[in-house]
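Working notes, beginning with the structure itself.
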Protein chains: 2
Amino acid sequence: METATIKDIARICGVGVSTVSRAINNHPDINEKTKNLIMQTIAEHNYIPNNSARNLKRSESNTIAVLIKGISNPFFNNMLKVLEHEIHRNKYSFLLHRVEEQEDEIEVALLLEKEKRLKGIVFLGGYFSHSEEKLNQLKVPFILSTGGVTEKIDKECYSSVTVDDYKESYKMADYLCKLGHKRIAIIAAPPEEECIGKLRLQGYLKALEDNQIPCDPNLVRYKRDNTLDTFSMKYGYEVTKELLQAEKEFTAVFAISDSIAVGACKAISEAGKNIPEDYSVAGYDGMDIAFYYIPSITTIRQPVEEMAEETIRILFDIIEYGSTNIRKDFPAELVIGQSTKSLIKAEM
Amino acid sequence: METATIKDIARICGVGVSTVSRAINNHPDINEKTKNLIMQTIAEHNYIPNNSARNLKRSESNTIAVLIKGISNPFFNNMLKVLEHEIHRNKYSFLLHRVEEQEDEIEVALLLEKEKRLKGIVFLGGYFSHSEEKLNQLKVPFILSTGGVTEKIDKECYSSVTVDDYKESYKMADYLCKLGHKRIAIIAAPPEEECIGKLRLQGYLKALEDNQIPCDPNLVRYKRDNTLDTFSMKYGYEVTKELLQAEKEFTAVFAISDSIAVGACKAISEAGKNIPEDYSVAGYDGMDIAFYYIPSITTIRQPVEEMAEETIRILFDIIEYGSTNIRKDFPAELVIGQSTKSLIKAEM
């Protein structure tokens, strides 16, 4: 049996397409008998009037593309759900496109823009260090969500919804310092990687400086010739194993993501050490696993759902009302888990 | 500056498009001087000859859609990477489309097929209980990957790459029985949910029966009026809290996914109990977190990368050579972690 279209249903019922649409959408302005006839015809003729159908119908010319670097990072899963929901709620269709680690997201976006007749673009994650000239080639409105941007780019050139990764990372490192830790290792991204890890490393360095703790380069750890996903448990596990084998003294590990922190905890546990008794471990992102791990992991919670909603709100203000570019920083929250302890003896 | 096309580059250099293509692809059959001219022109004119460009160029008519239920389940992240890679390697383009929990994936596929001129469809996850008539409406080749299918459907109607969830779930439950556990709770999916959880529950029930352990309905746990993602840590956490509060005797928990097992472990830990000393916990899927959790979680490892590769191989055999439908079961592996213990005293 062939699938019927809305026009077929209208023809069979002897009504207009808009009447069928009103019946489907439970519009008050329709005769009850007509509505019953339409709904019965729909049931008999295999017509699919669901949301997905409606989303697809408007898809060809009203598409928002979401470009994501590193789809394997579960940090983005919750955001994608909200982005998709908000895009559909605004009667646009949603195109998800993954960008390879070594690809240039702007180049990919320029091609998508041309081929898919996009109305807007969300860049999810990543780190923008492109030239302004290059950004200006994008003809459709775009917004960067939860990523980083080099300071070299004029802020008028783009919209963004982020947390201040530098400031929030500072907050975590400062918290560890204030707990009395002076030997704080950081599991960072490889320096050649253009990613948010750069800002998180800078926040750590500044916090050490402000707490008069000299930075020991031996405690800034990353994987050389890295072939792993940087923001993965395995990366955290392997770098921490190397750290433990290097036998440098440290009392705390700041991992630049929760997945990395999980790997760090496992390496410490396998070495026969306990968290937080022997080593404190802190993460970043506020993912579910930080709360469900044993011990729960002290982290920086990014308000991902709110950020995803705001991303779409700003993008549609630009698309539909021609608003100017906006950059919005959300505050993140230091969530204290069981994985960090104070080294300062309580006064008697 | 406008983005140049391959035709612009050819025109500027006074060569054919195929020569530009040979230069880009490092083809041996090209004059070195011509190649240098072309590469310099490319650099000067903003032309983007990367893989992504090439993938997009062939996208309009050669698209494979991957439909996924529950994109927020990190189980699928690794699979998606391999699927995308294999689809591109076969010179097709990759379209990822999320299906809402309450949507009918065949209806969504029928619409995509029409609107996007697809060449093939991969259904990732989910549980097929559609009528044959409905499946037959799909005009393009399709394959079900890592999902379940009701036995009512004639096997000739579809291709699939799965593990035998019934058999593998049986394997895990039987393993717990053989460790001496007689009071084994299962954290299952809500019975109204059409998902892979059905087969995993049946495997558990059969293993109990074969081990002469009567099934206590009090130990078959799920969330009533569930509003959570079933395959989530939070679901496992909440159901296990209810189980502990119900004060039914049990010594082991079989969670039908690793995420659920993580939540179960956390609930047990918060109740002041230890794993595996007080309760054994087992999961299913073989996700990274099972290995990086403390304690590591005994699980059933699905060979997701191999399954993703085989999915695309079978699909392309059908698309390009008109092969008949094939159903392939992969064996999964029982991976024993630190979260399960034997109740049988070692003989002296």
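Computed from a predicted structure; not experimentally measured. Numbered from 1 within each chain, the chains take letters A, B, ... in sequence-line order.
Contact record, A:Ile294 with B:Cys265: CD1-O, 3.8 Å, taken as the closest heavy-atom pair.
The candidate with the highest count of non-hydrogen atom pairs below 4.5 Å against chain A, out of B:Met233, B:His85, B:Glu270, is B:Met233.
Residues forming a ring pair (Phe, Tyr, Trp, His ring centres under 6.0 Å) with B:Phe142 (at least two apart in sequence, or on another chain): B:Phe123. Residues that satisfy the side-chain contact (heavy atoms from CB on, under 4.5 Å) test with A:Ser296, not counting sequence neighbours, are A:Gln338, B:Lys266.
The OH atom of A:Tyr292 sits 6.5 Å away from atom OH of B:Tyr237, with the distance rounded to the nearest 0.5 Å.
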Original post:
side-chain contact (heavy atoms from CB on, under 4.5 Å) between B:His97 and A:Leu95: does it pass, once the steps are laid out?
Top reply: CA-CA 8 Å; B:His97 191 91; A:Leu95 173 73; over 6 Å; no
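Neither the backbone nor the side chain of A:Phe94 comes within less than 4.5 Å of any heavy atom of chain B.
Within residues 276-290 of chain B, the residues having any heavy atom less than 4.5 Å from a heavy atom of chain A are, in residue-number order, B:Asp288, B:Ile289.
Applying the salt bridge (Lys or Arg N to Asp or Glu O under 4.0 Å) rule to pairs touching residues 234-243 of chain A yields A:Lys223-A:Glu238, A:Lys223-A:Glu242, A:Lys234-A:Glu238, sequence neighbours excluded.
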